[in-house]
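Any value given below was found using the heavy atoms of this structure, including those in side chains, with hydrogens, waters and symmetry copies removed.
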Amino acid sequence: MERVPERSVQALAPYASDPAQSRGRRYPEAEAPTRTAFQRDRDRVIHSTAFRRLVYKTQVFLNHEGDLFRTRLTHSLEVAQLGRSIARSLQLNEDLVEAIALAHDLGHTPFGHAGQDALNACMQSLTPSEHAVDGWGFEHNLQSLRVVDELEERYPAFDGLNLCFETREGILKHCSRANAQRLERLEPQGVAARFLSGGSPSLEAQLCNLADEIAYNAHDIDDGVRSGLLTLEQLGDVPLFEHYRQQALQAHPALAGRRLLFESIRLMLSDQVYDVIDHTRLRIAEHALDNADAARLLSPLVAFSPAMRDRSQVLKTFLLRNLYRHPQVMETTSRARRVVSDLFERYMNAPQELPEAHGRSQHHARAVADYIAGMTDRFAIREHERLFGAVVFP
C-alpha cells in the first residue's frame, strides 16, 4: 500500500513555504514516507536532548523559585501554539512554524539572558594570544543554530539534526554582522545571507519572531503577578492591559484575583492575534505576493498594526522597568552571572574538569562555552557547588 505523508487539512497560500520546494538539508537524505520535510524537522527537535533540557532553564524566574513559573520549555510550547494559530489563519505552513518555535531557544544558556550575557562577556574577554579563540563570541540564537547543526549527536552519518534550510533560517532570528560574515564564508548564500543583504526570512520565520514576543509579554505578566513582584494595581498604568481588564470586568463585574488576571491576559492575547492576522493580510495583499521567496526581498510583513505595536511597546517598557529590573530579579541575575563566570574560568584553567567529550576540541574556549550553554539551571548550580563549595542560591 502506498504511504501518504501526513498533511494538514489547511490549504497553503502561494506565499507559504512549501516543503516540496525546500532548499533542502546540509546532508542529503531520502524523504520520509509518511511525513513532510518540515514535519520531520519538528519531530527531530522534540526528540533532541537540547529540547528536554529546556524544562530546567530559566525564562524569568529560576527553576527552584517555584514550580509554576514558565521555563524555556513551556515558553517554547506557548510560542508554538500562538504561531500555529496565526499561521492557520494566514494559510502559512503550520509545521514549519512549529518546528522553528520549538527550536528557537535550544541554545539558550542556564539562567536566561543573565547567563547569556555572562557567557558572552567571558568569551569576549579572551584574546587569540591567550587561548585558541574562534572569534564568534556567544549569541544564543547562533548557539541554537549550532545545536541543531553540530552539537546534537543522534545520527550515524552526520552531526546535529540536519534540519531543512527553512527551519535553520528561522532559528537564526538575530545575528551580528561579524558572525553573519563568518557563517556566509562557511555557507555561501545560506542562513546568514539576509543579515548582510538586508533581506528577510520566510513569513513563517517572521511569524515565530512575533509570536515569541506576544507569548513572553503575556506570560511574564502572569509570572510577575504570581511572584508578587507585580500587582494588578501597577498594571493599571499599562493601557494595553488595563483596556482588557476593564473589558473583563464589564462582562463579569464580580471577577477578581487570578481569574481576573487570566481573563484579562486571554482577551489581550486574542486581540493581539487578530491584530497580527488582519494587519499582515493587508500587507501581503499590498505587495501581491505570489510565492514564498518574494517575501524575502521585502522588509518583514508579519507585524502588529502601528497602534498595537505602540501599545505593546509600552507594555515591554513596563516589564523591563518593573519586573526584569526589579531588585529581587537583579539580585538573582547577579548570582547567576557569578555562577557562569566562575564555571567558565575554572574550566578554562582546568580542562580536566570537563567531560572527556568536551575536552577534545581544538578551540578550548568554544568547548567550554558549549558545555556551559548546554547546562540546566540546577546542573549549573550543582556543578558550581562541587567545584567551589559555595552555595550561591540558598
Please tell me if the side chains of Ser202 and Glu166 come closer than 4.5 Å, counting only heavy atoms from C-beta onward. no
Indicate yes or no: at least one non-hydrogen side-chain atom of Thr58 is less than 4.5 angstrom from one of Pro110. no
With the threshold set at 4.0 Å, does a side-chain nitrogen-carboxylate oxygen contact exist between Glu31 and Arg40? no
Check whether Phe138 forms a cation-pi arrangement with Arg366 (NZ or CZ under 6.0 Å from the six-membered ring centre, at most 45° off the ring normal). no
Taking the side chain as every heavy atom from C-beta outward, state whether Met348 and Leu126 have any pair of such atoms under 4.5 Å apart. yes
So, using ring pair (Phe, Tyr, Trp, His ring centres under 6.0 Å) as the criterion, who are the partners of Phe388 when residues are at least two apart? His384
N-O pairing of Glu263 and Arg259 below 4.0 Å: no
salt_bridge(Asp293, Arg296) N-O dist < 4.0 Å: yes
Atom CG in Leu82, atom CD in Glu213: separation rounded to 0.5 Å? 11.5 Å
Flag side-chain contact, heavy atom, 4.5 Å: Arg194 against Gln189: no
Does the pair His326 and Leu229 meet the rule for a side chain to side chain contact (heavy atoms under 4.5 Å, CB included), with working shown? CA-CA 7 Å; His326 189 284; Leu229 302 186; 3.5 Å; yes
Partner set under ring pair (Phe, Tyr, Trp, His ring centres under 6.0 Å) for His108, not counting sequence neighbours: His113, His140
Which of parallel (below 30°), tilted (30 to 60°) and perpendicular (above 60°) describes His75 and Tyr216? tilted
Between Arg84 and Glu78, is there a side-chain N and carboxylate O pair less than 4.0 Å apart? no
I want to check something: taking the side chain as every heavy atom from C-beta on, are Lys316 and Asn217 in contact at a cut-off of under 4.5 Å? yes
Drop me the distance from Leu261's CG to Phe241's CZ, to the nearest 0.5 angstrom. 5.0 Å
Side chain to side chain contact (heavy atoms under 4.5 Å, CB included) between Glu139 and Ser176, intermediate numbers included: CA-CA 8 Å; Glu139 299 173 0; Ser176 67; 2.7 Å; yes
Got a second to check how far Asp220's CG is from Asn322's CG, nearest 0.5 Å? 12.5 Å
Could you tell me whether Glu286 and Arg283 have a side-chain N and a carboxylate O separated by less than 4.0 Å? no
Spacing of Thr49 atom OG1 and Leu151 atom CG [to the nearest 0.5 Å]: 11.0 Å
Which one of Thr36, Asn162, Thr167 satisfies the side-chain hydrogen bond (donor to acceptor under 3.5 Å, both in side chains) criterion with Asp41? Thr167
Any chance you could lay out the side chain to side chain donor-acceptor pair (under 3.5 Å) test for Asn291 and Gln21, step after step, and finish with the verdict? CA-CA 11 Å; Asn291 65 83; Gln21 301 298 319; over 6 Å; no
Let's go through Asp95 and Gln39 carefully: what are the C-alpha distance in whole Å and the side-chain angles of both, what is the deciding distance for side chain to side chain donor-acceptor pair (under 3.5 Å) to 0.1 Å, and is it a yes or a no? CA-CA 6 Å; Asp95 299 313; Gln39 289 162 358; 3.0 Å; yes
SB check Asp43 Arg35 (cutoff 4.0 Å): yes
Aromatic centroids of Phe111 and Phe393 separated by under 6.0 Å: yes
Could you go through Val191 and Leu145, starting from their C-alpha distance and side-chain angles, then the distance that decides it, and tell me whether this counts as side chain to side chain contact (heavy atoms under 4.5 Å, CB included)? CA-CA 10 Å; Val191 294; Leu145 183 67; 3.9 Å; yes
Can you tell if the side chain of Asp342 reaches within under 4.5 Å of the side chain of Leu387, non-hydrogen atoms only? no
Salt bridge Arg386-Glu353, side-chain N to carboxylate O under 4.0 Å: yes
Under the criterion salt bridge (charged side-chain N to carboxylate O under 4.0 Å, His left out), I'd like the reasoning laid out for Asp222 against Arg70: C-alpha separation, chi angles, the key distance, then a yes or no. CA-CA 9 Å; Asp222 183 9; Arg70 267 68 172 194; 2.7 Å; yes
State the CG-CE distance between Leu315 and Met308, to the nearest 0.5 angstrom. 11.0 Å
Using the rule given for ring-ring contact (aromatic ring centres under 6.0 Å, His included), can you reason through Phe379 versus Tyr56, listing the C-alpha separation, both sets of side-chain angles and the distance that settles it, and then say yes or no? CA-CA 9 Å; Phe379 180 83; Tyr56 292 117; over 10 Å; no
Answer yes or no: is there a side-chain heavy-atom contact under 4.5 Å between Ser17 and Leu96? yes
With rounding to the nearest 0.5 angstrom, report the CG to CZ distance, Asp159 to Arg26. 9.0 Å
Pairwise side-chain contact, Leu203 with Leu207, heavy-atom cut-off 4.5 Å (strictly under): no
Passes side chain to side chain donor-acceptor pair (under 3.5 Å), Ser305 versus Asp275? Steps please. CA-CA 7 Å; Ser305 67; Asp275 181 89; 2.7 Å; yes
